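One structure is given below, encoded as structure tokens.
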Amino acid sequence: MPRPSRRDEVYATAARIIREQGYSAATMDAIADQVGLNKGTLYHYYPSKSAILHELLSVQIDATLKLVGRVPKEGTATDRLRELIALQVDHVATRHDELVVFFQELPWIDQHLPEEQAADIRRGVDKYERFTKQLLRAGVRTGEFREIDVDAVLYSVIGILAYMPNWFHPATAKAQATMVGELTDFIMSGIIAK
């Protein structure tokens with residue numbers, strides 16, 4: 001396998017350190033030390049700690065919106081929601097440090113990021129939430145889903161996705177596929193009308 005670039009190494013190391021220590025306690029010195037760079041060289045890759053955080057959050061928002069884009073435009077709300085959930089579960093199963101950082105630091109973006117960057121992250125989150133809520137409401141309207149509190153269901157699903165990287169570390173592709181199926185079925189069973 002080709003060696004990852006130094007920038008990729010900095011990104012992955014920063015994600016791990018921020019996951020372990022939290023954004024406020026993580027330092028550029030610690031990141032540089034772990035990667036084996038001097039601090040000046042680290043600033044060549046990222047001009048600030050907030051630039052690292054913004055990239056970590058942006059990459060996950062962009063990935064999530066790409067998953068939304070893969071959900072079929074046509075079909076039942078049940079099939080479309082099942083696809084969205086399965087895609088998300090599959091994604092979070094492989095992005096441990098980055099996703100823990102995303103969910104851990106998202107509530108604090110106004111304190112840690114410049115205003116426009118924080119607004120950019122919020123726009124992505126809002127786009128995902130609007131899409132998912134519309135899908136849930138469509139299923140309720142057609143009778144596919146039981147009468148649900150759409151906000152409560154959305155944030156419950158997000159909670160499951162947010163915690164998954166803390167406990168699930170697939171040993172094989174088969175284990176990951178099994179978990180995607182089981183967790184998707186579990187979530188859908190609480191939504192689908194009986």
Side-chain angles (χ1 to χ4, degrees), residues 8 11-12 14-26 46-73 77-141 145 148-168 179-180 183-184 186-188 190-191:
D8 291 344
Y11 178 87
R16 180 179 51 77
I17 289 173
I18 294 170
R19 175 187 182 169
E20 292 170 353
Q21 300 177 10
Y23 178 79
S24 295
Y46 290 98
S48 65
K49 187 170 73 164
S50 67
I52 297 172
L53 180 63
H54 181 252
E55 185 169 325
L56 284 163
L57 300 178
S58 294
V59 165
Q60 294 312 311
I61 286 288
D62 292 346
T64 299
L65 293 177
K66 283 181 184 168
L67 298 178
V68 164
R70 289 174 56 190
V71 174
K73 305 279 187 252
T78 301
D79 290 344
R80 295 177 72 219
L81 183 63
R82 181 179 295 281
E83 180 69 11
L84 177 61
I85 291 170
L87 288 167
Q88 290 179 99
V89 171
D90 190 54
H91 177 72
V92 301
T94 61
R95 301 283 178 231
H96 304 291
D97 291 336
E98 298 96 327
L99 275 158
V100 170
V101 168
F102 179 84
F103 289 112
Q104 171 182 294
E105 302 301 334
L106 186 63
W108 314 109
I109 59 173
D110 290 319
Q111 289 144 353
H112 299 318
L113 295 178
E115 184 177 337
E116 184 48 43
Q117 289 181 348
D120 180 54
I121 298 297
R122 277 195 303 277
R123 280 190 293 272
V125 170
D126 289 346
K127 188 172 181 179
Y128 162 76
E129 289 184 357
R130 276 194 314 274
F131 177 85
T132 307
K133 286 179 183 180
Q134 287 169 353
L135 201 46
L136 289 166
R137 287 188 188 105
V140 171
R141 269 194 317 275
F145 303 158
I148 55 174
D149 179 324
V150 168
D151 287 342
V153 170
L154 170 67
Y155 295 119
S156 296
V157 170
I158 290 171
I160 290 168
L161 295 169
Y163 196 65
M164 189 178 167
N166 288 299
W167 61 268
F168 183 66
M179 181 54 64
V180 169
L183 203 48
T184 301
F186 172 77
I187 292 169
M188 293 300 297
I191 299 169

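Since we're looking at a predicted model, the values are computed, not measured. By convention here, the first residue in the shown sequence is residue 1.
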Using the rule given for side-chain contact (heavy atoms from CB on, under 4.5 Å), can you reason through Phe145 versus Val153, listing the C-alpha separation, both sets of side-chain angles and the distance that settles it, and then say yes or no? CA-CA 11 Å; Phe145 303 158; Val153 170; over 6 Å; no

Check the pair Ile187, Leu81 against side-chain contact (heavy atoms from CB on, under 4.5 Å), reporting the backbone distance first and the verdict last. CA-CA 10 Å; Ile187 292 169; Leu81 183 63; over 6 Å; no

Show the nearest heavy-atom pair for residues Pro165 and Val100, with the distance to one decimal. CB-CG2, 3.9 Å

Nearest atoms (heavy-atom pairs only) where Leu135 meets Ala77: O-CB, 4.0 Å

About how many Å separate CG of Leu136 and CD1 of Ile148, when rounded to the nearest 0.5 Å? 4.5 Å

Chi angles and distances behind the side-chain contact (heavy atoms from CB on, under 4.5 Å) call for Phe102, Leu56: CA-CA 7 Å; Phe102 179 84; Leu56 284 163; over 6 Å; no

Which pair of heavy atoms, one from Gly124 and one from Leu65, lies closest together, and at what distance? O-CD2, 3.9 Å

Ile18 vs Gln104 side-chain heavy atoms within contact, under 4.5 Å: yes

Shortest non-hydrogen pair, His96 vs Phe168, comes out as CE1-O, 2.7 Å

Separation of Leu67 CG from Glu83 CD (nearest 0.5 Å): 9.5 Å

Contact check, side chains of His54 and Ile121, non-hydrogen atoms, under 4.5 Å: yes

Can you measure from CZ (Phe103) to OH (Tyr163) and round to the nearest 0.5 angstrom? 14.0 Å

So, taking the atom named CG in Asp97 and the one named CD1 in Ile17, what distance separates them when rounded to the nearest 0.5 Å? 10.0 Å

Residue set satisfying salt bridge (charged side-chain N to carboxylate O under 4.0 Å, His left out) with Asp79, at least two apart, ordered chain then number -> none

Residue set satisfying ring pair (Phe, Tyr, Trp, His ring centres under 6.0 Å) with Tyr23, at least two apart, ordered chain then number -> His112

Nearest heavy-atom approach of Leu53 to Val101 is CD1-CG1, 4.1 Å

Just to verify, what does Arg80 make a side chain to side chain donor-acceptor pair (under 3.5 Å) with, not counting sequence neighbours? none

Using side-chain contact (heavy atoms from CB on, under 4.5 Å), reason through Val140 and Arg137 one step at a time and then give a plain yes or no. CA-CA 5 Å; Val140 171; Arg137 287 188 188 105; 5.6 Å; no

What's the separation between atom CG in Asp8 and atom OH in Tyr11, rounded to the nearest 0.5 Å? 9.5 Å

Does anything in residues 98-121 pair up under salt bridge (Lys or Arg N to Asp or Glu O under 4.0 Å), and if so which pairs, sequence neighbours excluded? Asp110-Arg122, Glu116-Arg123, Asp120-Arg123

Between Ser156 and Ala152, what is the shortest heavy-atom contact and its length? OG-O, 2.7 Å

Gap between atom CD1 of Ile160 and atom CE of Met164 - 0.5 Å precision: 10.5 Å

Would you please name every residue forming a salt bridge (charged side-chain N to carboxylate O under 4.0 Å, His left out) with Glu20, sequence neighbours left out? Arg16

Measure the shortest side-chain to side-chain distance between Arg130 and Val125 over non-hydrogen atoms and say whether it is less than 4.5 angstrom. no

Please check if the number of heavy atoms outside Lys133 that lie under 6.0 Å from its NZ is greater than 12. yes

For the backbone of Ala26 and the side chain of Lys49, can you confirm whether one donor and one acceptor N or O come within less than 3.5 Å of each other? yes

Expected list for residues 85-93: side-chain donor-acceptor pairs under 3.5 angstrom, two or more places apart:
{"from": "Gln88", "atom 1": "OE1", "to": "Tyr128", "atom 2": "OH", "distance (Å)": "2.8"}
{"from": "Gln88", "atom 1": "NE2", "to": "Leu84", "atom 2": "O", "distance (Å)": "3.4"}
{"from": "Asp90", "atom 1": "OD1", "to": "Gln176", "atom 2": "NE2", "distance (Å)": "2.6"}
{"from": "His91", "atom 1": "NE2", "to": "Gln60", "atom 2": "OE1", "distance (Å)": "2.8"}

Considering only heavy atoms from C-beta outward, does the side chain of Leu113 approach that of Leu57 to under 4.5 Å? yes

